[in-house]
Amino acid sequence: MGVSGIGNKYDHVYGSTYAAQKKETAKKSETKEAAPAQAGYMKKAGTDSVDISGEGRRVLREKMSAERRMEQYGDIGKLPSVNSGAYGMMNDFEKIMSELGGGSVSDEFVTKDYSQADVDALKERFEGKEGTKTDSFDSYVNKMASAYQLLKDRIEEKYAASDGRKEYYTAQDGSIQELTKEKELEMLDKAYETHSRFMAVNTQIWSELRDFKAQTVYHSGGSKKETAAVKKQNADIKGQAYHAFMSAVNEENRGLLKQEMGSLNQVRLNLGISTSVRNALNGIWDNYANLKH
């Protein structure tokens, strides 16, 4: 009988006592053999570890805290992540302006409250009759004010018909904040102002392109005064355009748009600028429209 046979025989003769001792010896042997490997693993783990900075730990804590708060609210309707509370609404506003201008923008980033049907209905009210200009400064201002009113009405209606279910959005810092009517109106104002600033700069650029030839003549003649006058005029154009855009959504003008039952192209809003400045702005836009075509 071999060695292994003796082990099996004693297992049988002395029963569980010998077997238990044998298993305990084997376990200690395995632990002893595994120790160096475990130590090596720990050493490697120590070598590969990352020292998280204080700022990194703070951000991580905020994220984990936000996630825990998210778990506490089972009825959270999460909006797209916003920056200063405006990006979600800004996507809605920019898509509407694109649609009204004959463009088409993906709806991937608009909020869940965006209504394509409402936008299509508004677009029909800007369809011009044959021979009617629809790309003038006045017409664009009307589109901006109408888009603003459409989104404002959506917000008002949503909270008037509220079923009591709270909504939340993720702020840029990762915190979870409750969405309120006041917050959404603030988002809308921010979206409108951002678009106004962008279009005011565009108007200035179009003005400079139109006057580029004149400025070249001024330079060739060496007249610094005339060149400075052109630059001041273009800067004034940007300021006047911005003022007109922002004035378009005052209460009086929004009331005019609501009262109009026909085309919205020809509604003349009070933009708080002189007739001469208004004509100049329309002239700049008309010149740019001709360049495009």
Side-chain angles (χ1 to χ4, degrees), residues 62 65-100 105-123 125 141-199 242-243 245-260 264 267 269-272:
E62 289 182 356
S65 177
E67 289 175 350
R68 284 195 296 270
R69 291 197 299 275
M70 281 291 289
E71 293 173 357
Q72 294 172 5
Y73 299 103
D75 62 343
I76 288 181
K78 188 178 177 183
L79 289 181
S81 181
V82 293
N83 181 3
S84 302
Y87 276 177
M89 191 67 69
M90 193 177 298
N91 287 329
D92 287 11
F93 186 84
E94 293 299 332
K95 181 170 172 61
I96 293 174
M97 290 307 299
S98 176
E99 296 276 351
L100 295 181
V105 176
S106 169
D107 60 0
E108 180 181 0
F109 300 107
V110 296
T111 68
K112 62 183 179 58
D113 296 315
Y114 182 89
S115 171
Q116 187 63 52
D118 288 345
V119 176
D120 290 341
L122 179 61
K123 184 178 180 180
R125 300 190 63 190
V141 170
N142 289 1
K143 289 175 181 176
M144 284 180 61
S146 297
Y148 177 92
Q149 187 61 50
L150 177 63
L151 292 176
K152 188 174 189 299
D153 287 344
R154 183 202 73 183
I155 295 170
E156 298 281 359
E157 292 167 3
K158 183 172 91 170
Y159 285 93
S162 174
D163 59 1
R165 176 177 174 141
K166 293 183 179 180
E167 286 187 277
Y168 300 81
Y169 70 96
T170 307
Q172 187 183 23
D173 63 0
S175 64
I176 306 301
Q177 299 182 19
E178 182 179 347
L179 188 65
T180 64
K181 175 181 173 181
E182 292 72 25
K183 189 63 178 179
E184 286 211 71
L185 290 174
E186 179 186 326
M187 293 178 182
L188 175 57
D189 288 341
K190 180 65 176 179
Y192 185 87
E193 181 188 10
T194 299
H195 190 86
S196 296
R197 291 187 182 280
F198 175 76
M199 294 311 300
Y242 176 75
H243 179 77
F245 290 137
M246 297 304 294
S247 298
V249 291
N250 62 34
E251 189 173 350
E252 174 191 351
N253 286 327
R254 289 189 287 107
L256 286 174
L257 290 171
K258 279 191 171 184
Q259 294 170 11
E260 180 59 46
L264 295 174
V267 178
L269 302 178
N270 180 5
L271 303 180

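- Here the side chains of Glu157 and Lys152 are not in contact, with every heavy-atom distance at 4.5 Å or above.
- With contacts defined as side-chain heavy-atom distances shorter than 4.5 Å, the pair Tyr168/Ile176 qualifies.
- The shortest heavy-atom contact between Lys95 and Val110 is CD-CG1, 3.7 Å.
- With contacts defined as side-chain heavy-atom distances shorter than 4.5 Å, the pair Met90/Met187 does not qualify.
- When all heavy atoms of Glu184 and Ile155 are compared, the closest pair comes out as O-CD1, 3.7 Å.
- The shortest heavy-atom contact between Asp189 and Tyr148 is OD1-OH, 2.7 Å.
- In this structure the side chain of Gln259 never reaches within 4.5 angstrom of the side chain of Val267, judged on heavy atoms.
- In this structure the side chain of Glu156 reaches within 4.5 angstrom of the side chain of Lys181, judged on heavy atoms.
- Scanning all heavy atoms of the two residues, the minimum distance from Ala248 to Leu271 falls at CB-CD2, 3.9 Å.
- Side-chain contact check for Glu182 versus Glu186: every heavy-atom pair is 4.5 Å or farther apart.
- Evaluation of the ring-ring contact (aromatic ring centres under 6.0 Å, His included) rule for Phe93 yields Tyr192, His195 as partners, not counting sequence neighbours.
- Considering only heavy atoms from C-beta on, Asn250 comes within 4.5 Å of Asn253 through its side chain.
- Donor-acceptor pairing under 3.5 Å is lacking for the side chains of Asn91 and Tyr114.
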> Passes salt bridge (charged side-chain N to carboxylate O under 4.0 Å, His left out), Arg154 versus Asp118? Steps please.
Replying inline: CA-CA 10 Å; Arg154 183 202 73 183; Asp118 288 345; over 6 Å; no
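- In this structure a side-chain-to-backbone donor-acceptor pair under 3.5 Å is present from Arg125 to Glu260.
- Glu99 and Lys123 get closest at one heavy-atom pair: O-CE, 3.3 Å.
- Taking Phe245 as the reference, Phe137 meet the ring-ring contact (aromatic ring centres under 6.0 Å, His included) condition, with sequence neighbours excluded.
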>> As a quick check of understanding, evaluate side chain to side chain contact (heavy atoms under 4.5 Å, CB included) for Leu264 and Leu122, giving each step before the final call.
In response: CA-CA 9 Å; Leu264 295 174; Leu122 179 61; 3.7 Å; yes
>> For a salt bridge (charged side-chain N to carboxylate O under 4.0 Å, His left out) check, start with the C-alpha distance between Asp153 and Arg254, then their side-chain angles and the critical distance, and finish with the verdict.
In response: CA-CA 11 Å; Asp153 287 344; Arg254 289 189 287 107; over 6 Å; no
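- The shortest side-chain heavy-atom distance between Tyr242 and Met199 does not fall under the 4.5 Å cut-off.
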